[in-house]
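The block underneath contains the structure these notes are about, expressed in structure tokens.
Both counts, for ligands and for their atoms, begin at 1 and track the order of listing.
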Amino acid sequence: MHSHLTLHDDQTITLRGERFKVYLDRETLQQRVAELGEEISRDYDGKRPILIGVLNGAFMFLSDLMKTLRIDCEVDFLKLSSYGAEKITSGVVTELKKIDADLEGRHVLVVEDIIDTGLSMQYIMDIMYEQNPASVRSVTLLHKYEATEVDVPVNYVGFRIKNRFVVGYGLDYGQVGRNLPDLYVLDPNTD
Ligand code: IMP
Ligand code: MG
């Protein structure tokens, strides 16, 4: 099978014929995730939040984040339509997998990998509120603040990043690259 991912050295990769370089390395990611975990543990002390992971991109962040929580917590997942193989958002969001848990009266924490236009998060918030939860908050590893079109409140942000395409640490480019432990950015010298 033709391979889409080539690792050159510890800083650069080629993915689907395009060059990416490390943007946030694994230590930087893990350190920030631990800080978010501290903050969330403090804020939810005495409560038992249910983390709602947004598939597929958020699975790795959610896994690491959950391991840093020092409180009772539960997890469930929902899945939205993805970018396909494109690097720009289609702007159309649909629900591909619904959550199974009953959210009535629960403290819901939505866990996203990245907020770009904000359309996905707005759509998710609407779904959450329909179920009469006690509270809804959101955490995103990355926020492309310059790309945000709809103003969705985000309670916890890992990193505010420039409007550039990123892959790795759960985020994909046409479904590949999710397995990379570091976060990469499309090399500005090659686009
Ligand atoms: P939004 O609805 O435009 O905010 O897009 C959010 C979703 O688009 C995220 O959950 C990601 O799955 C995907 N996405 C946005 N930017 C990137 C990127 O730079 N790389 C990979 N996926 C991205
Ligand atoms: Mg996503």
Side-chain angles (χ1 to χ4, degrees), residues 4-5 12-26 28-29 32-33 36 51-65 75-99 108-129 136-191:
H4 289 298
L5 173 64
T12 50
I13 57 166
T14 300
L15 193 53
R16 294 192 171 275
E18 299 188 73
R19 261 182 120 75
F20 289 78
K21 61 178 184 3
V22 170
Y23 187 49
L24 298 170
D25 66 26
R26 61 198 77 179
T28 307
L29 292 169
R32 184 69 187 122
V33 170
L36 290 171
L51 278 61
I52 302 294
V54 185
L55 296 172
N56 292 330
F59 81 99
M60 205 174 280
F61 171 49
L62 185 143
S63 166
D64 287 342
L65 179 69
V75 68
D76 201 356
F77 296 92
L78 64 77
K79 185 169 184 170
L80 301 181
S81 56
S82 73
Y83 270 27
E86 303 304 314
K87 291 203 293 292
I88 49 155
T89 185
S90 64
V92 182
V93 184
T94 56
E95 202 176 6
L96 298 179
K97 179 202 172 294
K98 290 181 190 297
I99 42 170
V108 173
L109 180 61
V110 176
V111 183
E112 255 288 31
D113 51 353
I114 186 165
I115 294 182
D116 185 6
T117 62
L119 287 164
S120 302
M121 188 56 96
Q122 187 182 54
Y123 184 90
I124 294 161
M125 286 295 168
D126 289 347
I127 298 171
M128 298 298 115
Y129 280 114
V136 185
R137 286 186 172 187
S138 58
V139 52
T140 187
L141 177 69
L142 307 163
H143 189 193
K144 285 186 187 173
Y145 60 97
E146 294 169 329
T148 304
E149 289 170 18
V150 289
D151 202 19
V152 280
V154 195
N155 303 91
Y156 309 94
V157 177
F159 301 91
R160 295 173 82 239
I161 65 167
K162 291 279 178 188
N163 191 10
R164 302 201 63 84
F165 190 74
V166 290
V167 294
Y169 196 62
L171 288 93
D172 72 306
Y173 178 17
Q175 297 305 326
V176 279
R178 294 192 198 277
N179 51 315
L180 296 161
D182 306 291
L183 187 80
Y184 291 79
V185 66
L186 190 65
D187 194 332
N189 301 322
T190 57
D191 61 10

Taking only heavy atoms of [X], which atoms of ligand 1 are found under 4.0 Å from at least one of them?
X	value
Lys144	16 (N), 17 (C), 18 (C), 19 (O)
Phe165	18 (C), 19 (O), 20 (N), 21 (C)
Ser120	1 (P), 2 (O), 5 (O), 6 (C)
Thr117	1 (P), 2 (O), 3 (O), 4 (O)
Asp172	21 (C)

Any donor-acceptor N/O pair, [X] side chain to [Y] backbone, under 3.5 Å:
X	Y	answer
Arg32	Val157	yes
Asn155	Ser138	yes
Thr148	Asp116	yes
Lys144	Ile114	no
Asp25	Asp182	no

Below a 4.0 angstrom heavy-atom separation, can you tell me which part of [X], side chain or backbone, both or neither, approaches ligand 1?
X	result
Asp113	side chain
Met121	neither
Ile114	both

Is there at least one pair of N or O atoms, one from [X] and one from ligand 1, spaced under 3.5 Å apart?
X	answer
Glu112	yes
Val166	yes
Ile115	no

In this structure, does ligand 1 have an atom that sits under 4.0 Å from one of the heavy atoms of [X]?
X	result
Gln122	no
Leu171	yes
Gly57	no

Identify the two heavy atoms, one from [X] and one from [Y], that lie closest to each other, and give their separation to 0.1 Å.
X	Y	value
Phe61	Thr140	CE2-C, 4.1 Å
Thr28	Phe159	O-CZ, 3.7 Å
Glu146	Asn163	OE1-N, 3.5 Å

Member of Arg178, Glu18, Arg16 meeting the side chain to side chain donor-acceptor pair (under 3.5 Å) criterion with Tyr173: Glu18
